[in-house]
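One structure is given here, and the rest of the page talks about it.
Remember, it's 1-based here, ligands and their atoms both numbered in the order they're listed.
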Amino acid sequence: MTELIYMPDIESNYIKEFKARVQTSGKDHVVLDRTAFYPEGGGQPSDTGKLDWEEDTSKVVKVEKKGKVIHRLDGPIPEEGIEIKGHIDWERRYEHMKLHTAQHLFSAVVFDLFDGRTVGNQIYTDYSRVDFEPVDLSDEDIEQIEDEVNSLIYGSLQVRIYDEKRAVLEDQLDDCRVDLSLIPKSIKNLRVIDIDGYDICPCAGTHVRNTDEIGSVQITNKENKGKNRQRIYYEMI
Ligand SMILES: [Zn+2]
């Protein structure tokens with residue numbers, strides 16, 4: 001198993017460079033013993049970047065989690081046992097962290113104000129979308145959501161990441177936006193993203209340490225996606 005070194009706490013989300021050893025190499029990819037590259041999943045895109053070793057370098061074009069964490073490379077492939085240095089494309093990753101943390105705030109605000117649950121989300125590098133259900137949001141509602149999220153952002157809320165027992169969360173998150181029944185029963189410990197107690201949600205993605213890093217957000221569009229289901233698009237300004 002590859003150790004995911006961005007997982008344990010919020011500070012580990014800021015690892016930009018790391019050393020690791022190649023476990024297996026394929027025609028266009030490697031598996032490492034540890035990695036700071038985020039593999040695509042949960043609505044957050046894969047990181048990109050590069051691997052350096054000895055005299056060589058190769059671009060990391062995509063990272064996927066298919067049982068193993070596969071780093072797809074464009075360039076030479078390091079052999080098994082070689083020590084590499086990984087470099088994350090930080091500009092891209094940091095945008096994902098900001099947009100992803102903002103998504104937690106949108107999800108919490110829409111649940112608080114309109115009882116709408118988040119039923120889908122996708123982050124892109126310069127904008128994101130979130131789907132809510134059941135909702136019927138007017139233009140005024142959209143303005144209210146945007147204002148509320150921005151006031152939370154300006155409130156400089158601390159973001160923490162920790163492991164919590166499922167049973168504890170089930171008590172704590174009663175009647176909350178998070179539907180824990182969707183997470184397989186076999187998972188007893190969950191990685192929690194806690195935005196200053198305002199929003200607590202299990203998530204495997206990467207996030208910023210304080211909401212003030214996000215700046216401001218703007219909702220750019222809303223779409224109806226069927227009965228009682230709406231999608232909003234937002235970006236940072
Ligand atoms: Zn998250």
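Protein N/O/S atoms closer than 2.8 Å to the Zn ion (ligand 1), listed by chain and residue number, are H100 NE2, H104 NE2, C203 SG, H207 NE2.
A donor and an acceptor atom, one from each side chain of N13 and Y94, are nowhere located under 3.5 Å apart.
A side chain to side chain donor-acceptor pair (under 3.5 Å) check over residues 19-33, counting only residues at least two apart or in different chains, returns the pairs D28-R72.
Y127 meets the ring-ring contact (aromatic ring centres under 6.0 Å, His included) test with Y124; sequence neighbours excluded. Residues satisfying the side-chain contact (heavy atoms from CB on, under 4.5 Å) test with S107, not counting sequence neighbours, are Q103, T118, V130, F132, R177.
In this structure, the side chains of H100 and K98 stay at 4.5 Å or more apart for every pair of heavy atoms. Side-chain contact between K222 and R231 is absent, with no heavy atoms from C-beta onward closer than 4.5 Å.
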